[in-house]
Amino acid sequence: MSAIPDKPQLEGLEEKWGAIWEAQGTYRFEREGADRDAVYSIDTPPPTASGSLHVGHVFSYTHTDTVARFQRMRGKRVFYPMGWDDNGLPTERRVQNYYGVRCDPSLPYVDGFVPPHEGGDGKSIKAADQQPISRRNFIELCERLTVEDEKQFEDLWRTLGLSVDWAQSYRTIGQESLRASQLAFIRNVERGEAYQAQAPTLWDVTFRTAVAQAELEDRDQPSAYHALAFHRTDGAGDIVIDTTRPELLAACVALVAHPDDERYKPLFGSTVRTPIFGVEVPIVAHHLAQQDKGTGIAMICTFGDVTDVIWWRELNLPNRAILGFDGRIVSEAPEAISTEAGLEAFAQIAGKTVFSAKQVMVEMLQASGELQGEIRKITHPVKFFEKGDKPLEIVSTRQWYIKNGARDEALRERLLAHGKELEWHPDFMRVRYENWVEGLSGDWLISRQRFFGVPIPVWYPLDADGNPVFDQPIMPELSQLPVDPSSDVPAGFTEDQRGVAGGFQGEVDVMDTWATSSLTPQLAGGWERDQELYDLVFPFDLRPQGQDIIRTWLFSTLLRSELESGTLPWRHAGISGWILDPDRKKMSKSKGNVVTPAGMLQQHGSDAVRYWAASAKLGTDASFDPQNPTQIKIGRRLAIKLLNAAKFTLGFDASGVGGGVTEALDRSMLASLAKVVDDATRAFEAYDHARALELTESFFWTFCDDYLELVKERAHSGEGQPQASAVAALREALSVFVRLLAPFIPYATEEVWSWFAEGSVHQAQWPTSAELIAVAGEEADLGLLSLMGGALIGVRGAKTAAKASQKTQVELAVVQAPEVDAARLRLAAEDLAGVGRITELRIEAADVAAVTVSEIVLAQAETEG
RNA sequence: GAGCGAUUGGCGCAGUUGGUAGCGCGCUUCCUUCACACGGAAGAGGUCGUGGGUUCAAGUCCCGCAUCGCUCACCA
């Protein structure tokens with residue numbers, strides 16, 4: 001126990017208690033002798049290490065921490081790790097700018113490489129000024145920088161007071177993560193769940209990588225309809241189609257209309273010649289063609305959009321793709337273009353970007369008269385990579401996929417069943433998951449043509465001509481893991497066979513970052529590494545996360561768990577809402593309304609910020625106005641109030657408390673508190689931390705404003721058992737309040753706890769109504785406190801109305817109450833007289849609806865004191 | 001186009017099985033420094049988006065509509 005300061009304050013509590021918690025291992029996960037039922041495990045979201053933390057992080061991580069602290073106090077051994085998501089594109093970009101390098105996988109590794117820059121000023125370095133380095137050197141820099149970034153994050157999390165066990169941290173690019181990711185992938189391959197396919201793929205031309213459905217977002221883009229005339233080969237005139245992508249005309253393989261469309265029915269099976277290029281293409285029918293769109297007949301290109309892909313696949317059309325990986329038109333015209341004029345036209349767009357090619361095509365079409373009428377400008381949604389800034393294109397590439405139920409009814413049903421089995425908080429978030437699963441359009445594309453990620457652990461044999469045999473991949477021995485196929489050698493080969501006919505080549509692609517993140521329960525829980533730990537924590541109790549990544553992180557984690565173990569990875573999913581600025585817009589960097597969490601914590605104190613976060617329910621968006629952080633100020637006030645109320649309470653003479661709590665008012669207060677404990681506990685169990693806080697806080701203020709005021713006279717200058725009863729009740733209540741508030745304001749509560757108890761409040765037992773009833777006794781008068789509160793308001797009101805100080809003496813006060821209540825009030829009349837400074841207090845039974853002060857006579861001001 | 005949320009005093013929110021509308025901020029008036037000025041007391045302020053329905057009784061249940069937000073889908 002420590003001494004109570006004269007002037008308690010919040011400043012400095014973070015440093016003081018943070019150090020003590022660390023030194024004493026307050027939040028350490030103790031596995032010895034535990035069984036699964038004694039453990040509460042949390043699949044913490046690993047923040048992107050190279051990003052920056054924002055208010056939203058503080059918000060949602062606080063939600064989780066309140067649950068962790070509650071469960072810990074209930075006696076659970078809380079497994080609360082922290083991970084860092086440090087692989088992937090964001091890190092690559094940061095490393096490029098920080099060190100002035102870029103990755104060129106064709107270069108050899110340089111031992112002891114020193115980057116041209118260090119530190120950087122955050123500005124982009126032009127690609128031309130970046131020094132090309134080997135993949136291994138690049139990855140080393142990624143690792144170096146993320147370690148530094150992660151240190152900063154950890155400091156912030158510690159200041160915020162997250163009760164994480166820092167011994168349990170992991171990195172998604174760490175060796176253990178690499179091994180687990182590759183092992184899980186190999187298992188997927190062995191079970192036929194992961195496979196390769198050469199197929200049209202959504203492609204980001206800036207990053208030059210394939211992207212998955214889950215990483216797409218629609219953005220409205222200006223575009224325009226161009227009416228193009230196709231010429232019927234039977235000479236019976238033209239067919240006009242509308243297109244927004246005239247630059248893909250050279251890739252046109254057919255025209256398509258709805259099978260029921262009377263206008264085009266007679267034409268199915270006939271052919272037309274494309275404008276400019278003169279390629280003969282068929283007119284085909286497909287139900288996806290919309291009669292009311294454009295002219296009702298569309299051109300199919302390889303590939304303008306995903307519908308083109310469906311048509312191409314289902315109608316067995318040829319592939320005349322003309323877009324390269326760099327987003328430019330390829331140099332060689334498709335074979336189908338055979339006329340001299342056609343080839344000449346193609347030469348004019350070859351090598352051009354989509355944008356320039358479109359301009360050239362429009363000029364040519366206008367010149368030939370095949371572009372009819374006006375170009376009609378429209379705005380329409382276009383698919384983008386969520387991190388990209390150019391529209392996605394579709395190119396044919398070989399990629400790795402993992403089955404996700406899109407084409408496997410049985411798997412999809414199992415995933416939907418798991419969605420129903422999972423307990424969502426709030427429950428309606430389940431619908432988002434179901435929408436996503438039911439809307440999946442293809443298997444999960446997991447290969448990325450990037451560098452800083454988990455390498456896909458395969459090699460391909462080279463045939464006698466030196467061509468890779470992709471459908472016979474060489475898998476690593478499990479003992480080899482983790483492997484980097486671009487530097488490691490498969491069993492049975494030697495390094496000098498790399499790239500040689502009859503030898504092998506390594507896969508250069510890495511996995512989608514979600515392919516690693518989807519294994520966080522396995523990574524953190526010691527899957528295939530520490531079986532004893534894994535059995536203790538898996539399936540996890542809680543997956544906390546944001547609503548925006550249900551389709552990515554939540555879905556992919558659930559999928560991997562289903563594939564690997566056939567079970568849910570967790571029992572509960574707690575989904576936090578957004579932080580909105582005062583205009584109800586989502587906070588974002590570009591809007592310049594992002595506040596740094598470190599500054600917030602510094603300015604207001606961690607408890608205050610936590611209070612703000614915790615006062616919002618799961619799934620509910622919270623607004624935050626940096627200019628006027630009302631909720632934070634209220635939280636600060638609560639924490640300060642607790643310090644002061646505790647100091648006051650602990651200042652009373654406690655020498656006689658052995659007699660227990662005997663006075664009616666004291667018992668009433670404890671009985672009320674017992675109900676609060678029950679209700680708050682129930683709320684916490686239902687993952688409604690905000691309600692637990694509200695219930696506790698609300699009664700805490702009643703405790704301070706009414707009960708404490710009513711009994712302070714008795715506690716301070718009373719005698720014998722009535723005095724001791726007040727002090728005993730105050731101390732018991734304080735102990736309970738401190739524990740109830742500990743999950744929310746861990747610093748102030750720990751400080752207060754140290755004034756009267758041993759150990760950490762965060763390891764103390766969560767209060768129960770039973771302990772309070774044991775002190776208050778059965779059949780306490782639950783409502784007496786609020787009855788007294790009513791009388792007290794009456795007395796105070798009379799003084800306020802007389803513009804007198806609350807300390808003014810009252811010569812006579814007459815309190816009227818219904819007969820039953822009057823009898824109850826008499827039991828605590830002394831307390832009311834004490835706080836009201838009432839010389840003569842009469843409590844009368846009367847025909848009134850509620851407690852009323854019917855008469856009050858104030859003493860003259862000068863008689864005071 | 002489909003779905004999911006939200007709509008309660010100026011602002012931010014609560015209202016758990018239907019039973020006479022609550023909290024905080026702000027506002028008004030007052031008090032005060034012997035726990036708390038990062039205080040305290042009293043008070044004003046709402047026909048719960050809208051139109052129907054069920055019920056003795058609806059903020060709460062049912063149906064329609066409106067506005068806002070989000071998710072998914074569509075993308076010639």
Side-chain angles (χ1 to χ4, degrees), chain A residues 4 6-10 218 220-221 223 225-226 228 241-245 248 255-257 288-290 293-301 304-308 311 378 380-383 426 428-441 547-548 550-551 577-578 580 582 584-586 604-605 608 615-617 619-625 628 630-631 633-634 636-637 639-652 679 682-683 686 688 690-691 694-695 697-698 701 704-705 708-709 712 716 792-808:
Chain A
I4 305 175
D6 287 340
K7 194 91 175 152
Q9 53 177 25
L10 297 176
D218 286 350
D220 277 326
Q221 293 290 303
S223 184
Y225 277 131
H226 303 72
L228 306 189
I241 62 104
D242 274 331
T243 181
T244 56
R245 304 213 54 183
L248 292 179
L255 297 190
V256 64
L288 282 182
Q290 292 179 32
K293 208 156 210 172
T295 57
I297 186 163
M299 82 173 176
I300 304 176
C301 303
D305 60 39
V306 288
T307 317
D308 278 344
W311 282 327
I378 58 161
H380 69 162
V382 175
K383 286 194 193 308
F428 65 77
M429 288 294 179
R430 182 197 323 272
V431 178
R432 306 213 178 165
Y433 169 82
E434 289 172 345
N435 281 349
W436 178 251
V437 175
E438 284 161 0
L440 285 167
S441 64
Q547 53 186 314
D548 50 331
I550 289 175
R551 68 176 185 170
W578 294 121
L580 307 173
R584 311 297 299 171
K585 297 275 167 21
K586 190 186 160 198
H604 304 286
S615 59
K617 292 188 294 191
T620 301
D621 296 341
S623 69
F624 178 68
D625 182 354
N628 187 22
T630 312
Q631 283 294 104
K633 288 180 180 165
I634 298 167
R636 187 174 170 83
R637 201 181 59 145
I640 291 169
K641 187 77 175 182
L642 178 66
L643 294 179
N644 286 305
K647 176 180 159 62
F648 188 46
T649 295
L650 294 168
F652 297 121
D679 290 347
R682 210 172 299 125
D688 192 350
R691 180 156 179 78
E694 189 201 334
L695 287 163
E697 184 199 9
S698 166
W701 285 105
C704 290
D705 295 346
L708 198 43
E709 292 294 325
K712 70 180 182 188
H716 187 257
L792 184 56
I793 285 172
V795 174
R796 285 168 174 166
K799 292 184 181 179
T800 300
K803 301 199 173 184
S805 156
Q806 292 299 327
K807 291 185 173 172
T808 308

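From a predicted model like this one, the values you see are computed outputs, not experimental measurements. Every chain is numbered from 1, with letters handed out A, B, ... down the list of sequences.
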When you measure from the side chain of R637(A), which nucleotide among C25(B), G12(B), U33(B) comes out closest?
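For the R637(A) side chain, the nearest candidate turns out to be C25(B).
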What's T243(A) touching, base or sugar-phosphate or nothing? Going by heavy atoms closer than 4.0 Å.
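Contact class for T243(A): sugar-phosphate only.
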Work out how far the C1' atom of C27(B) is from that of G45(B), and round it to whole angstrom.
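These two C1' atoms come out 9 Å apart once rounded.
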Whole angstrom is fine here: how far is it from CD in E434(A) over to P in A73(B)?
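In whole Å, A73(B) P lies 15 Å from E434(A) CD.
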OP1 or OP2 of C74(B) under 4.0 Å from side-chain N/O of K293(A)
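No, K293(A) has no side-chain N/O under 4.0 Å of OP1/OP2 on C74(B).
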Give the minimum heavy-atom separation between S223(A) and H380(A), together with the two atoms involved.
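Taking every non-hydrogen atom into account, CB-NE2, 3.3 Å.
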Using the P atom as the reference point in each nucleotide, state the distance between A58(B) and G53(B) in Å, no decimals.
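Straight-line distance between the two P atoms is 12 Å.
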C1' spacing across the pair C72(B) / A14(B), given as an integer number of angstrom
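Their C1' atoms lie roughly 31 Å apart.
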With both distances under 3.5 Å as the test, what is the Watson-Crick or G-U wobble partner of G59(B)?
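When the pairing criteria are applied, nothing turns out to pair with G59(B), so the answer is none.
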Decide yes or no for L708(A) and F648(A): does some side-chain heavy atom of the first lie under 4.5 Å from some side-chain heavy atom of the second?
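Touching, per the 4.5 Å side-chain cut-off.
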Is a donor-acceptor contact shorter than 3.5 angstrom present between the side chain of E709(A) and the base of A35(B)?
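When only heavy-atom distances are counted, E709(A) does reach the base of A35(B) through a donor-acceptor pair under 3.5 Å.
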Watson-Crick/G-U partner (both atom distances under 3.5 Å) of C74(B)
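Looking at the geometry, C74(B) pairs with no nucleotide.
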Closest contact, heavy atoms only, D242(A) versus Y225(A)
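The answer is CB-CD2, 3.9 Å.
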L288(A) has an atom CG; how far is it from atom P of C75(B), in whole Å?
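Whole-Å distance recorded here is 7 Å.
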Any heavy-atom pair between the side chains of R245(A) and C301(A) that's under 4.5 Å?
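When only atoms from C-beta onward are counted, R245(A) and C301(A) do not touch, as no gap falls below 4.5 Å.
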Using a 4.0 Å heavy-atom cut-off across all strands, classify I634(A) as base, sugar-phosphate, or nothing.
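Touches sugar-phosphate only.
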About how many Å separate CG of L440(A) and CZ of R551(A), when rounded to the nearest 0.5 Å?
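If we round to the nearest 0.5 Å, R551(A):CZ and L440(A):CG are 10.5 Å apart.
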Of the options G15(B), A41(B), A35(B), whose atoms approach the side-chain atoms of R691(A) most closely?
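In terms of side-chain proximity for R691(A), the closest of G15(B), A41(B), A35(B) is G15(B).
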Options A35(B), A76(B), G12(B), nucleotide nearest the side-chain atoms of T244(A)
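So the side chain of T244(A) is nearest to A76(B).
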Please tell me if R796(A) has a side-chain N or O lying less than 4.0 Å from either OP1 or OP2 of A42(B).
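Yes, such a contact exists.
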Find the distance K7(A):NZ to C34(B):P and express it as a whole number of Å.
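In whole Å, C34(B) P and K7(A) NZ are 9 Å from each other.
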Would you state whether a donor and an acceptor, one from the side chain of D621(A) and one from the base of C70(B), lie under 3.5 Å apart?
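Absent.
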What's T307(A) touching, base or sugar-phosphate or nothing? Going by heavy atoms closer than 4.0 Å.
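T307(A): backbone/sugar contact only, no base atoms under 4.0 Å.
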Residue K807(A), side-chain heavy atoms: nucleotide from A76(B), A35(B), C34(B) that is nearest:
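So the side chain of K807(A) is nearest to C34(B).
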Assign each of K712(A) and T620(A) to its nearest nucleotide of RNA chain B by heavy atoms, then name whichever residue's nucleotide is nearer the 5' end.
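Nearest-nucleotide comparison on RNA chain B picks T620(A).
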When we call it a touch if two heavy atoms are under 4.0 Å apart, what does A289(A) touch: a base, just sugar-phosphate, or nothing?
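Base, at least one base heavy atom under 4.0 Å.
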So which nucleotide from U71(B), U29(B), C4(B) ends up closest to the side chain of K803(A)?
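Of the candidates, U29(B) comes closest.
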Mate of G64(B) where both pairing distances stay under 3.5 Å, Watson-Crick or G-U
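Partner of G64(B): U50(B).
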Quick check against the 3.5 Å criterion: does S698(A) have a side-chain atom that pairs as donor or acceptor with the backbone of L695(A)?
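Here the side-chain-to-backbone pair does not exist.
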Tell me whether the OP1 or OP2 atom of U71(B) has a side-chain N or O from R551(A) closer than 4.0 Å.
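So the side chain of R551(A) is outside the cut-off, no N or O lying under 4.0 Å from OP1 or OP2 of U71(B).
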Measure from the side chain of K641(A), starting at C-beta and using heavy atoms only, and say which of G39(B), C74(B), C31(B) lies closest.
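Per side-chain heavy atoms of K641(A), the pick is G39(B).
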Using Watson-Crick or G-U wobble geometry with both distances below 3.5 Å, tell me the partner of C34(B), or none.
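When the pairing criteria are applied, nothing turns out to pair with C34(B), so the answer is none.
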In whole angstroms, how far is the C1' atom of C36(B) from the CH2 atom of W701(A)?
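Taking CH2 of W701(A) and C1' of C36(B), I get 9 Å after rounding.
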Would you check, one step at a time, whether the test side chain to side chain contact (heavy atoms under 4.5 Å, CB included) holds for Q547(A) with W578(A)?
CA-CA 8 Å; Q547(A) 53 186 314; W578(A) 294 121; 3.3 Å; yes
If the P atom of G5(B) is compared with that of C61(B), how far apart are they to the nearest Å?
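Rounded to whole Å, the distance is 12 Å.
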Keeping T620(A) on the side-chain end and A616(A) on the backbone end, is there a donor-acceptor pair under 3.5 Å?
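Side chain of T620(A) to backbone of A616(A), a donor-acceptor pair under 3.5 Å: no, none is there.
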Phosphate OP1/OP2 of G15(B): any K617(A) side-chain N/O under 4.0 Å:
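True: K617(A) side-chain N/O within range (under 4.0 Å) of G15(B) OP1/OP2.
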When you compare U60(B) with U16(B), how far apart are their C1' atoms, in angstrom units rounded to a whole number?
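Here U60(B) and U16(B) have their C1' atoms 11 Å from each other.
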Distance, nearest 0.5 Å, that separates OG1 of T243(A) from CE of M299(A)
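If I round to the nearest 0.5 Å, the distance is 3.5 Å.
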If I pick the C1' atom on U29(B) and the same atom on G22(B), what distance separates them, to the nearest angstrom?
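23 Å, rounded to whole Å.
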Distance check, P atoms only: C62(B) and G19(B), in whole angstrom units.
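Result for the P pair: 15 Å, nearest Å.
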Atom-pair distance (CD1 on I793(A); P on C31(B)), nearest Å:
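The answer, rounded to whole Å, is 20 Å.
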Both distances under 3.5 Å, Watson-Crick or G-U wobble: report the partner of A14(B), or none.
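WC or wobble partner does not exist here.
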Compare side-chain N and O positions of T800(A) against OP1 and OP2 of C31(B) and report whether any pair is under 4.0 Å apart.
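No.
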If you check every side-chain atom of E694(A), which of C75(B), A14(B), C31(B) has the closest atom?
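Among the listed nucleotides, the one closest to the side chain of E694(A) is A14(B).
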Does A76(B) have OP1 or OP2 sitting under 4.0 Å from an N or O in the side chain of H226(A)?
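For A76(B), neither OP1 nor OP2 has a side-chain N or O of H226(A) closer than 4.0 Å.
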Judged by atom type as modelled, is there a donor-acceptor pair below 3.5 Å linking the side chain of K799(A) to the main-chain atoms of A804(A)?
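No, because the side chain of K799(A) does not come within donor-acceptor range (under 3.5 Å) of the backbone of A804(A).
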Roughly how far apart, to the nearest Å, are U8(B) and G12(B) at atom C1'?
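Nearest-Å result for U8(B) against G12(B) at atom C1': 12 Å.
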Identified pairing partner of U20(B), criterion: Watson-Crick or G-U wobble below 3.5 Å:
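Across any shown strand, U20(B) pairs with none.
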Could you check which nucleotide pairs with A44(B) in any of the strands shown, counting Watson-Crick or G-U wobble with both distances under 3.5 Å?
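WC or wobble partner does not exist here.
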Y225(A) OH to A76(B) P, straight-line distance once rounded to whole Å:
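The distance from OH of Y225(A) to P of A76(B) comes to 5 Å, rounded to the nearest Å.
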Residue D218(A), side-chain atoms from C-beta onward, closest of C74(B), C31(B), C36(B):
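Out of C74(B), C31(B), C36(B), the nucleotide with an atom closest to D218(A)'s side chain is C74(B).
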Rounded interatomic separation in angstrom, taking CD from E438(A) and C1' from C4(B):
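Those two atoms, CD and C1', are 13 Å apart.
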Proximal nucleotide (of U29(B), G15(B), C4(B)) relative to the F428(A) side chain:
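The answer is C4(B), which lies nearest to the side chain.
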Go through G40(B), A76(B), C36(B) for me and flag the one nearest to the N644(A) side chain.
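The answer is C36(B), which lies nearest to the side chain.
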Please report, rounded to the nearest Å, how far the P atom of U71(B) is from the CG atom of D548(A).
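One finds 9 Å between P of U71(B) and CG of D548(A), rounded.
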Want to settle it: does N628(A) or A646(A) sit nearer the 5' end of RNA chain B, counting the closest nucleotide to each?
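Between the two, 5'-proximity favours N628(A).
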